[in-house]
Amino acid sequence: MVWDIGLFRHKVSKPQNQLFQQSRLQLAAWYAGVMGVILTLLGFGMYRAIAHAHEVTIDREIKSVADALKNALKVTLADEQQLKQLPPQLLPDLCLGDQRCLDPIQQTSSPYLQGYYIRIISPSGELLATAGARPQGIPVAIPTKTLQTVWDNNNQHYHQVAVELFPTVSPTIGPTAQASKSWAYLVVGRSFQDFDEYLASVRWRILLGLLLALALVAPASWWLATLAMRPIYRSYSQIQQFTADAAHELRTPLAAIRATVESVLRLPHLSEADAQDTLGVIHRQNQRLSNLVSNLLLLSKLDIQSYPTKQAPCNLVDLIHDIAEEMAAFALQKKIVLDIDVQTESVVTVLGDEENLYRLLLNLVNNALTYTPEGGRVTLTIQQQQQQALILVIDTGVGIASEDQAKIFDRFYRVDTARSRQTGNSGLGLAISTAIAQAHKGTITVASQPGQGSTFKVSLPISL
Ligand code: ADP
């Protein structure tokens, strides 16, 4: 019983069908898995890049706010005593001196300090003043100069930087030892709440994008797996078909030999004439079997890509003369005119295996004579076109219907099976010729009109 595998047009047995379906599923799962991993890594990389770029921008912003404030304070603020005289627009919500400055306030009144907290801390770690937001739980301590990450009581994280505040240098007195010692640290911190919210929305978008991509990857993987399996499936079913055809072809002469031998064994006496007949049948069938086996062997050798085709220069003009000579008797017997038309002045030489090239052309001429009725004509033409040698085998025979023209190059394909069998042909001739042409980087094509004749064109690259 044969089963169709859906998208595949060829047919194979049920267990094989299941095996192919399973392989297709596995392949699709692998595709989807690999794509999923790649997309996840890509999404993660993208997320990290976005987060890093934003973090760097915010840190830069904090540093520039700290520097700008330091420069502004430098002009108006020489020491701790002057803190009280600071103009309110410079540091809004300024609170001087004690623990109450850390008590929460609703919101900073200054829009440009949204999310920022500012602390002025003495070198001994004492809080001198605060401004801006008042996050709860961030410790007051002597800050490090590098950028720090700190957390408040709500587990919200902040980045803060500290810059030193120095006493104002008197232009008349010049720098003194006192002036080179900082009197306080200016700590500027910023909440990362908006940044975290933004990153959470980026995470969601990437996750949704990933899910959507995976939803598309799944059918795409299935489709790709189908595409990948199709040639394997096709060649598998071709091998199956080939094995079945070969077995069928081998069975016919074997059955004929067995029937002949069994009928002779049933005879009480075997006359010399009967013996001659029997041996004749066995000999013919044996011949047919030998031809078939050697054809199959040749085909399987040609199928192996690495099969070494001999690379000797072959003169094609000499070759077609030899073939015409060999087929002359057959043409005479069939009352067909067999002639040669050499349409080139130069010697046409190709690199290859002369024995195989001879076989290729012999098959074509043999077919032309076989499928041309009495009184017809078969012409062997050779010409040279650029770097190609063209050999045409033209006959005035029965011709080939257009629907059969592509199929006749298939193994064991015969247009008229009964008639071909009578001639002892197995349907492998053109398949062998095609394989030989391909092994020589050449091609065979056919043009034919039923009832008018056929032209087989062999094109082979010329050796320089
Ligand atoms: P076979 O051994 O049967 O000749 P081939 O592979 O050589 O097998 O040819 C396949 C089929 O192509 C033949 O059975 C025949 O029907 C058809 N064919 C090949 N050559 C010709 C031709 N010159 N004219 C008409 N039919 C041809």
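Each ligand, and each atom within it, is numbered from 1 in the order the structure gives.
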Should one rank Gly397, Ser433, Gly427, Gly453 by closest heavy-atom distance to atom 8 (O) of ligand 1, which comes out on top? Gly427

Test salt bridge (Lys or Arg N to Asp or Glu O under 4.0 Å) applied to Arg284 - qualifying residues, sequence neighbours left out: none

Could you list the atoms of ligand 1 found under 4.0 angstrom from a heavy atom of Ile408? 6 (O), 10 (C), 11 (C), 12 (O), 17 (C)

Quick one, Ile138 with Tyr117, criterion side-chain contact (heavy atoms from CB on, under 4.5 Å). Give me CA distance, side-chain angles, the key distance, then yes/no. CA-CA 10 Å; Ile138 295 178; Tyr117 66 84; 3.8 Å; yes

Under 4.0 Å from one or more heavy atoms of Ser454, ligand 1 contributes atoms 24 (N)

Would Arg414 count as a polar contact of ligand 1, with the cut-off being nitrogen or oxygen pairs under 3.5 Å? no

Can you find a side-chain donor-acceptor pair between Asn295 and Arg359 that sits under 3.5 Å? yes

Distance-minimising heavy-atom pair for Pro373 and Gly397: CD-CA, 3.8 Å

Short question: side chain of Gln449, backbone of Gly399 - any donor-acceptor pair under 3.5 Å? no

Need the ligand 1 atom indices (1-based, order shown) with element for anything under 4.0 Å from a heavy-atom of Ser426. 2 (O)

Is a donor on one side and an acceptor on the other found under 3.5 Å between the side chain of His54 and the backbone of Ile50? yes

Check Val415 against ligand 1 and report side chain, backbone, both or neither, counting heavy atoms closer than 4.0 Å. both

Is the number of heavy atoms from other residues, nucleotides or ligands under 6.0 Å of Glu355 CD greater than 12? no

Do ligand 1 and Ala431 have nitrogen or oxygen atoms that lie under 3.5 Å from each other? no

What do you reckon, does Leu430 have a nitrogen or oxygen under 3.5 Å from a nitrogen or oxygen of ligand 1? yes

Hey, is Phe409 one of the residues with a heavy atom under 4.0 angstrom from ligand 1? no

For the NE2 atom on His283, are there more than 12 heavy atoms of other groups (residues, nucleotides or ligands in this structure) within a distance under 6.0 Å? no

Of all residues at least two apart in sequence or in a different chain, which pass the side chain to side chain donor-acceptor pair (under 3.5 Å) check with Tyr158? Asp152

Does only the side chain of Asp395 get under 4.0 Å from ligand 1, or the backbone, or both, or neither? Count heavy atoms. side chain

For ligand 1, which atoms, with element, lie under 4.0 Å from some heavy atom of Ala368? 23 (N)

I need the atoms of ligand 1 closer than 4.0 Å to a non-hydrogen atom of Tyr413, numbered in the order shown. 10 (C), 11 (C)

Non-hydrogen atom of Asn363 closer than 4.0 Å to ligand 1: no

